[in-house]
Colleague: 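Input: one structure, supplied below.
All ligand and atom numbering here is 1-based and tracks the order in the structure. Remember, it's a predicted structure, so these values are computed and weren't measured experimentally.
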Amino acid sequence: MNNMVIDLRGCSEDELIRICQEIGLKRFRAIQLFQWVQQKAVRTWDEMNNIGKGDRQALRSHLHLYPLERVREQRSEDGTRKYLFRLEDGETIECVLMDYARTSSRDRHTVCVSTQVGCAVGCAFCATGLEGFRRNLTVAEIVGQVLDITHFVRQEDPEFQVTNIVFMGMGEPLLNYDQVLQAILLLNHGQGLNIGMRRMTISTSGVVPRIIQLAKDNPQVGLAVSLHAAQDKVRNDLIPMNRRYPLAQLMEACQEYTQITHRRITFEVALTAENAKREEAQALARLLRGQLGHVNLIPVNPVAGTGMERPDPELMRRFAQVLEDAGISVSSREERGVDIDAACGQLRRQWEGELK
Ligand code: SAH
Ligand code: SF4
């Protein structure tokens with residue numbers, strides 16, 4: 001075995017079994033280790049009290065455990081919590097826990113996970129996009145967000161379990177494809193947090209080849225497509241990715257995705273004072289004809305420097321009505337964490353601004 005140190009939180013059970021074998025430890029140690037990290041969400045080696053000190057020492061020389069540093073935590077009146085985490089190299093990312101317990105009888109705890117530091121796509125309305133791309137997150141850093149939130153919330157509520165994951169934080173998940181897919185396997189693992197594949201959703205701005213690849217590689221995980229506009233001339237300005245993969249190609253990929261997976265895609269549409277118009281709604285209804293999907297309307301979260309404004313709620317209702325009349329399933333997303341700047345990238349920006 002070489003001396004390369006491996007990130008413990010990014011390791012599969014099989015990798016841990018292999019490492020334990022190589023350093024002369026029993027197989028059950030690997031299973032214990034995996035459970036401490038992925039299920040009990042501990043942040044230090046010292047907490048792993050059923051693994052003897054000597055074995056822990058041997059493992060430490062091969063495996064690196066780096067918990068994320070909680071730089072900030074904001075709590076919204078509606079139960080949403082937003083975390084700013086610092087990574088080992090000093091970069092910061094955001095992560096949000098949407099706590100539905102207060103509004104629904106079924107306990108649902110959704111974590112919105114970041115997949116990159118910054119984002120290269122550069123959407124016109126997005127705080128993360130304004131910052132440009134810094135780097136991809138590792139598997140350990142992606143899973144680590146869910147583990148650390150679990151750890152922190154369990155300090156107040158020992159029974160706490162994350163039930164759903166949305167890859168809707170900072171970054172474009174399909175441009176960090178391999179890491180995101182591996183993170184999903186870890187989050188789904190029966191000896192880990194055991195989050196059902198169907199309770200995890202990847203959101204993409206429209207990386208066409210990867211949408212088709214995802215259908216083949218993991219047909220169970222959910223897909224959300226950030227559509228936002230139904231005409232190329234409008235979408236080009238909002239999502240620069242549209243110039244590379246225009247709407248016709250994107251919709252073709254969506255058709256292929258549903259043919260392979262038989263799953264309904266969620267189409268995200270952020271409405272602004274500018275685009276919440278009847279003509280746009282009609283174009284959207286035409287675009288989605290024959291596509292198995294559901295439209296989620298969101299009022300845009302105004303980000304300083306983008307010039308985007310929230311639409312009148314009445315305009316949103318009329319927009320939804322046009323879609324419903326065309327037989328399209330539509331919901332208007334209840335806004336969460338508005339009082340704590342919950343749009344992705346906003347907290348990091350604010351924090352970096354304070355440092356300057
Ligand atoms: N990069 C992926 C996932 C992260 S963004 C994507 O773009 O889909 C998650 C969602 O938040 C996307 O639907 C994105 O369009 C939306 N979003 C970003 N900034 C927003 C804002 N200011 N207001 C409303 N939605 C926003
Ligand atoms: Fe990137 Fe998504 Fe933000 Fe667009 S909306 S810049 S794809 S994170």
Side-chain angles (χ1 to χ4, degrees), residues 82 93-96 98 110-137 142 145 165-177 179-180 183 200-208 210-211 214 221-230 234-245 250 253-254 265-276 293-311 316 331-338 340-350:
K82 184 161 188 173
I93 50 165
E94 291 175 20
C95 195
V96 182
M98 290 166 282
T110 304
V111 174
C112 176
V113 173
S114 288
T115 56
Q116 299 180 313
V117 183
C119 182
V121 180
C123 299
F125 44 83
C126 174
T128 306
L130 288 176
E131 300 286 311
F133 176 70
R134 314 269 309 185
R135 69 171 175 87
N136 278 327
L137 294 186
I142 298 171
Q145 297 166 61
I165 303 281
V166 290
F167 291 92
M168 293 187 184
M170 301 169 71
E172 169 49 59
L174 296 189
L175 292 180
N176 188 15
Y177 187 83
Q179 278 69 16
V180 169
M200 295 190 256
T201 301
I202 292 179
S203 174
T204 181
S205 55
V207 190
V208 161
R210 290 287 161 83
I211 290 175
L214 178 67
V221 75
L223 180 68
V225 172
S226 300
L227 208 48
H228 302 322
V234 183
R235 199 168 186 268
N236 281 343
D237 291 338
L238 290 177
I239 307 175
M241 175 76 79
N242 196 68
R243 292 173 200 273
R244 185 129 164 244
Y245 303 117
L250 177 58
C254 289
I265 296 174
T266 301
F267 293 98
E268 305 280 348
V269 177
L271 290 177
T272 63
E274 186 79 2
N275 73 3
H294 173 85
V295 172
N296 194 12
L297 297 177
I298 325 146
V300 80
N301 213 324
V303 171
T306 63
M308 307 271 169
E309 284 171 39
R310 231 180 271 270
M316 273 191 75
S331 61
S332 297
R333 188 195 285 174
E334 186 191 337
E335 275 187 283
R336 300 216 154 252
V338 184
I340 56 165
D341 288 345
C344 78
Q346 279 181 289
L347 185 62
R348 175 183 150 105
R349 265 192 116 208
Q350 182 195 27

Colleague: Enumerate the atoms of ligand 1 whose separation from the nearest heavy atom of Asn301 is less than 4.0 angstrom.
Modeller: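 Within the 4.0 Å cut-off of Asn301, ligand 1 contributes 21 (C), 22 (N), 23 (N), 24 (C).
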Colleague: Need the ligand 1 atom indices (1-based, order shown) with element for anything under 4.0 Å from a heavy-atom of Val303.
Modeller: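 Here the atoms of ligand 1 in question are 22 (N).
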Colleague: Compute the minimum heavy-atom distance from Ile298 to ligand 1 and say whether it is under 4.0 Å.
Modeller: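 Ile298: no contact with ligand 1 (<4.0 Å).
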Colleague: Give, for atom CE of Met168 and atom OG1 of Thr110, the distance between the pair rounded to the nearest 0.5 Å.
Modeller: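 OG1 of Thr110 is found 9.5 Å from CE of Met168.
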Colleague: Thr204 versus Arg210: any side-chain heavy-atom pair under 4.5 Å?
Modeller: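 Thr204 does not reach Arg210 side chain to side chain.
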Colleague: So, is Ala270 polar-close to ligand 1, with some N/O to N/O distance under 3.5 Å?
Modeller: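 By distance alone, the answer is no.
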Colleague: If the cut-off is 4.0 Å to any non-hydrogen atom of Gly129, which atoms of ligand 2 fall inside it?
Modeller: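 Reading through ligand 2 atom by atom, the close ones are 6 (S).
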Colleague: My understanding is that we take every heavy atom of each candidate and find the minimum distance to atom 1 (Fe) of ligand 2. Doing that for Cys119, Gly118, Ala127, Ser114, which one comes out nearest?
Modeller: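 Ranked by closest heavy atom to atom 1 (Fe) of ligand 2, first place is Cys119.
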Colleague: Does Thr115 offer a backbone N or O that forms a donor-acceptor pair with the side chain of Asn176 under 3.5 Å?
Modeller: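 Yes; judged by distance alone, with no hydrogens or angles, the pair exists.
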Colleague: Working to the nearest 0.5 Å, report the span between CG of Leu238 and CG of Leu227.
Modeller: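 One gets 10.5 Å once the value is rounded to the nearest 0.5 Å.
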Colleague: Does Cys126 form a side-chain contact (heavy atoms from CB on, under 4.5 Å) with Val303? I'd like the steps, not just the answer.
Modeller: CA-CA 7 Å; Cys126 174; Val303 171; over 6 Å; no
Colleague: For the pair Tyr245 (side chain) and Ser205 (backbone), establish whether a donor and an acceptor sit closer than 3.5 Å, ignoring hydrogens and angles.
Modeller: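 No, because the side chain of Tyr245 does not come within donor-acceptor range (under 3.5 Å) of the backbone of Ser205.
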Colleague: With a 4.5 Å heavy-atom cut-off, do Tyr177 and Leu214 have their side chains touching?
Modeller: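 They are in side-chain contact.
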Colleague: Is ligand 1 under 4.0 Å from a heavy atom in the side chain of Thr204, in the backbone, in both, or in neither?
Modeller: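 It is the backbone that touches ligand 1; the side chain stays farther off.
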Colleague: With atoms numbered from 1 as shown, which atoms in ligand 2 lie under 4.0 angstrom from a non-hydrogen atom of Gly171?
Modeller: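 Listed by number with element: 8 (S).
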Colleague: Side chain to side chain contact (heavy atoms under 4.5 Å, CB included) with Leu137: which of Met170, Gln179, Gln145?
Modeller: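 Output: one option passes, namely Gln145.
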Colleague: Is atom 4 (Fe) of ligand 2 less than 2.8 Å from an N/O/S atom of Cys123, whether that atom is in the backbone or a side chain?
Modeller: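 True for Cys123.
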Colleague: Just jot down the ligand 2 atoms closer than 4.0 angstrom to any heavy atom of Ser205, in number order.
Modeller: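 Answer, ordered by atom number: 7 (S).
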Colleague: Report, in ascending order of atom number, the atoms of ligand 1 lying under 4.0 Å from any heavy atom of Met168.
Modeller: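 Atoms satisfying the 4.0 Å criterion: 4 (C), 5 (S), 9 (C).
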Colleague: Heavy atoms, side chains only, cut-off 4.5 Å: are Phe267 and His294 in contact?
Modeller: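 Contact flag for Phe267/His294 side chains = no.
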Colleague: Can His228 be said to touch ligand 1, with heavy atoms closer than 4.0 Å?
Modeller: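 Judged by the 4.0 Å heavy-atom criterion, His228 does count as contacting ligand 1.
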Colleague: For Gly171, state whether at least one heavy atom is located under 4.0 Å from any atom of ligand 1.
Modeller: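 Checking ligand 1 against Gly171, which is what was asked, there is a heavy-atom contact under 4.0 Å.
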Colleague: List ligand 2 atoms under 4.0 Å from Gly122, heavy atoms only on the residue side.
Modeller: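 The list of qualifying atoms is 6 (S).
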Colleague: Just distances here: any N/O of Gly169 and N/O of ligand 1 closer than 3.5 Å?
Modeller: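 No - when backbone and side-chain N and O of Gly169 are compared with those of ligand 1, no distance drops under 3.5 Å.
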Colleague: What distance separates Leu271 CG from Met316 CE, expressed to the nearest 0.5 Å?
Modeller: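 CE of Met316 is found 5.0 Å from CG of Leu271.
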